[in-house]
A.B. asks: 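Below are the structure tokens for one structure; questions will follow.
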There are 2 protein chains.
Amino acid sequence: MIDTAGLRVMRAIADEGSFTAAAHKLGFSQPAISQMVRRLEERAGTVLVERIGRTVRLTEAGEVLARHASPVLAALDAAEQEVAAIAGLRSGRVRLMAFPSASATLVPKALSHVKREYPDVSITFTEAEPPESLSALRAGTCDIAVAFTYEGVDLGRGEEDVDGFEVTPLIDDEVRLVVPADHPLARSKSKVADLSTLEDETWIAGCPRCRGHLLQVCREAGFAPHVAFETEDYVAVMGLIAEGLGIALVPDLILRTVQHEDVVALSINPPSLRRIEAVTTPDLSRVPAVKATLDALLLSAAAQPKPVRSRARATTAAR
Amino acid sequence: MIDTAGLRVMRAIADEGSFTAAAHKLGFSQPAISQMVRRLEERAGTVLVERIGRTVRLTEAGEVLARHASPVLAALDAAEQEVAAIAGLRSGRVRLMAFPSASATLVPKALSHVKREYPDVSITFTEAEPPESLSALRAGTCDIAVAFTYEGVDLGRGEEDVDGFEVTPLIDDEVRLVVPADHPLARSKSKVADLSTLEDETWIAGCPRCRGHLLQVCREAGFAPHVAFETEDYVAVMGLIAEGLGIALVPDLILRTVQHEDVVALSINPPSLRRIEAVTTPDLSRVPAVKATLDALLLSAAAQPKPVRSRARATTAAR
DNA sequence: CAAGAGTATAACTGAACGTTATGAATGACC
DNA sequence: GGTCATTCATAACGTTCAGTTATACTCTTG
């Protein structure tokens with residue numbers, strides 16, 4: 001029945017004391033106010049303004065509207081301000097989830113960049129493995145999931161389906177073979193290990209998904225690896241390797257943070273990549289704070305030694 | 001930027017969880033909601049609703065709007081209710097001013113009638129002589145002035161100008177001559193006194209305006225009256241007359257409340273009327289509570305012995 | 001895989017709301 | 001007291017906005 005325009009008009013008339021002045025204040029022409037008041041009166045079912053000679057005065061009902069106008073308009077303005085703050089990156093919240101080894105450098109760098117550029121945007125960060133972070137994204141409790149997929153490896157589970165999501169590749173992380181320093185391969189000139197020659201080795205597997213990758217890579221090389229140890233802790237993996245208890249496939253990004261004197265890393269043949277990517281929804285990627293964080297992640301990824309591939313490849317048709 | 005419709009839509013989406021359900025709740029079609037949200041998002045500059053598969057979920061900015069919606073809409077609704085109450089006579093205020101002798105029966109009867117019909121309409125009543133009540137009407141501190149004019153008497157003062165006002169005649173009050181019971185006229189058969197025969201009498205004058213009326217009536221009869229007393233208190237006037245200290249012109253309405261054993265009232269020739277009328281502004285007369293009070297005054301006037309003339313004669317052209 | 005449910009888009013329609021131009025009435029100022 | 005400026009009301013008109021229906025597309029579900 002009554003909308004914000006009506007309130008604004010009534011308040012302006014109350015403040016200014018005439019239709020003409022109210023019109024100027026609101027940037028309208030005088031007849032616009034005249035008609036507006038007439039419409040309001042029709043809707044209200046009673047006179048709102050007393051036209052006394054060439055001046056006007058509010059009636060009791062008119063006073064009621066004018067009196068309510070300010071608080072209502074103020075509350076509305078507050079809401080607009082909040083939204084504008086979010087739109088203008090002077091506010092906003094981003095809930096980021098990333099797998100543990102991304103937390104080491106990629107994510108902190110991005111977070112600090114956002115914090116520096118937009119100090120009022122608050123980012124909450126939770127460590128989570130990709131299946132978990134993706135379902136959080138689906139459930140609406142997360143805005144950006146930093147996940148990884150092993151190129152060419154289909155784990156075949158719906159939980160990791162990124163269909164409908166927007167995927168931004170960040171880093172193509174080379175998967176390397178780590179062997180003890182006294183391993184024969186450690187002395188190879190080429191620093192490249194042929195996977196097919198590793199059938200008789202004892203293997204150490206990482207997280208479940210990494211284990212899946214190991215199995216698939218080996219299957220493609222023609223054998224099933226003998227996995228003696230499983231641990232998600234890469235520090236432990238290194239220790240095990242150093243002690244000669246096995247060898248492992250370890251993404252390069254991890255090797256840069258978890259190092260060990262007595263091990264050697266080699267490239268593998270055929271090469272294998274772990275793709276690190278930021279996953280969000282098409283809608284969320286247009287939320288300013290989320291977009292800013294995505295950009296920061298890209299920037300942070302570009303600062304990594306390894307090259308970054310193409311940008312923002314949406315998996316669904318553009319709207 | 002954002003109006004009540006937008007708030008209503010955002011709240012409905014938040015409550016119902018889908019565009020379709022929100023549309024039903026608001027009585028719109030589904031595309032209407034879809035477009036409304038798109039418009040809102042354009043204005044807000046950010047995404048408000050996350051379309052995730054075939055369900056929707058509010059973004060942070062969307063939540064902000066939905067959260068603000070209820071208080072704002074509630075305040076607005078309260079304002080509408082207040083106005084509707086005034087329009088529906090379940091509320092409202094009427095500031096009535098009447099000259100003292102109208103307060104005796106005419107006004108109380110009308111007030112009690114309004115009170116009975118519309119118990120939530122509050123009427124404030126102030127005694128005031130016509131010049132005063134009319135200027136209050138002009139100043140906006142009064143809604144209805146019950147005034148009187150002596151027919152054919154122009155007091156020639158701007159203060160009593162009813163130009164631009166709406167005048168509702170209530171009672172045509174006959175002006176009578178009051179003489180002591182032992183006055184020769186008191187024994188006249190016709191009970192009609194010819195003014196032109198009263199040149200040698202001693203007169204008692206009432207209020208300033210009544211005095212003006214007396215002077216004019218006598219001038220038209222061909223003489224200037226000898227006024228020995230002036231008092232606004234008609235009880236005193238009666239006392240003076242009873243004591244044989246003078247005679248006076250007294251409106252019939254007053255004679256009905258202020259009586260005295262030792263006086264006699266006669267009609268005069270030529271006859272003179274005091275017209276009692278309700279004065280308000282054209283706008284105020286359309287305010288429900290004011291209109292109801294005017295009607296009650298008319299009703300109350302009709303209950304008086306004297307006949308009431310035509311109704312609601314506006315002195316300005318109709319708008 | 002088909003059906004059901006939900007949203008997006010297109011095309012259309014009508015009304016609402018603004019504008020300019022003009023009229024009528026009031027009040028102020030010579 | 002007449003004239004002039006000011007103020008509100010009305011008329012006519014055009015544009016924009018917001019709704020409708022119809023239809024396409026996507027996702028979930030049995």
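Only heavy atoms go into these numbers, but all of them, side chains included; no hydrogens, no water, no symmetry mates. Sequence lines set the chain letters: A, B, ... in the order given, protein chains first and strands last, and positions in each chain run from 1.
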A.B. asks: To the nearest Å, give me how far apart CG (A/D283) and C1' (C/dG6) are.
C.D. replies: 14 Å

A.B. asks: Mark yes or no for whether B/D283, through its side chain, and A/R51, through its backbone, hold a donor-acceptor pair below 3.5 Å.
C.D. replies: yes

A.B. asks: Tell me which of A/T55 and A/M36 sits closer to the 5' end of DNA chain C, going by the nucleotide each one is nearest to.
C.D. replies: A/M36

A.B. asks: So, for A/S133 and A/P130, which heavy atoms are closest and what is the spacing to 0.1 Å?
C.D. replies: OG-O, 3.0 Å

A.B. asks: Which whole-number value in Å describes the distance from A/I33 CD1 to D/dT6 P?
C.D. replies: 19 Å

A.B. asks: Near DNA chain D, under 4.0 Å by heavy atom, which residues of residues 1-23 of chain A?
C.D. replies: A/S18, A/F19, A/T20

A.B. asks: Does the ring of A/F148 carry A/R209 above it, NZ/CZ under 6.0 angstrom from centre and within 45° of its axis?
C.D. replies: yes

A.B. asks: Determine: side-chain N/O of A/S34 to OP1/OP2 of D/dA9, distance under 4.0 Å, yes or no.
C.D. replies: yes

A.B. asks: Any side-chain N or O of A/R57 less than 4.0 Å from the OP1 or OP2 oxygen of D/dT7?
C.D. replies: no

A.B. asks: With a 4.5 Å limit on heavy-atom distance, are the side chains of B/V49 and B/F19 in contact?
C.D. replies: yes

A.B. asks: Say whether, by atom type as modelled, one donor and one acceptor occur between the side chain of A/E60 and the main chain of B/R93 under 3.5 angstrom.
C.D. replies: yes

A.B. asks: Whole angstrom is fine here: how far is it from CZ in A/F165 over to P in D/dC27?
C.D. replies: 11 Å

A.B. asks: Do side-chain atoms of A/E277 reach the backbone of A/T149 as a donor and acceptor pair under 3.5 angstrom?
C.D. replies: no

A.B. asks: How long is the line joining CZ of A/F28 and C1' of D/dA9, in whole Å?
C.D. replies: 18 Å

A.B. asks: Distance check needed: C/dT7 C1' versus B/E50 CD, whole Å only.
C.D. replies: 15 Å

A.B. asks: Should the side chain of B/Q35 and the base of C/dA8 be counted as holding a donor-acceptor pair, with the cut-off at 3.5 Å?
C.D. replies: no

A.B. asks: Any side-chain N or O of B/R51 less than 4.0 Å from the OP1 or OP2 oxygen of C/dG6?
C.D. replies: no

A.B. asks: Check the distance between C/dT7's P and B/H24's NE2 and give it to me in whole angstrom.
C.D. replies: 11 Å

A.B. asks: Which part of the nucleic acid does B/R43 contact within heavy-atom distance under 4.0 Å: base, sugar-phosphate only, or nothing?
C.D. replies: sugar-phosphate

A.B. asks: Just N and O in the side chain of B/R38: are any of them under 4.0 Å from OP1 or OP2 of C/dA8?
C.D. replies: no

A.B. asks: Does the A/E50 side chain pair with the main chain of A/T59, one donor and one acceptor, at a distance under 3.5 Å?
C.D. replies: no

A.B. asks: For B/E42 and D/dA18, what is the distance between atoms CD and P respectively, to the nearest whole Å?
C.D. replies: 11 Å

A.B. asks: Backbone N or O of A/I52 within a donor-acceptor pair of the B/R138 side chain at under 3.5 Å?
C.D. replies: no

A.B. asks: Considering only C/dA10, D/dC8, C/dG18, which nucleotide approaches the side chain of A/R39 most closely?
C.D. replies: C/dG18

A.B. asks: What pair of heavy atoms forms the shortest contact from A/V56 to A/G17, and how long is it?
C.D. replies: CG2-O, 3.5 Å

A.B. asks: Just one of B/T293, B/D143, B/T124 clears the side chain to side chain donor-acceptor pair (under 3.5 Å) bar with B/R95, so which one?
C.D. replies: B/D143

A.B. asks: Please state how far atom CD in B/Q30 lies from atom C1' in D/dG19, giving the value in whole angstrom units.
C.D. replies: 13 Å

A.B. asks: Determine to 10° how strongly the helix from C/dC1-D/dG30 to C/dC30-D/dG1 is bent, judged from the axes of its five-pair ends.
C.D. replies: 30°

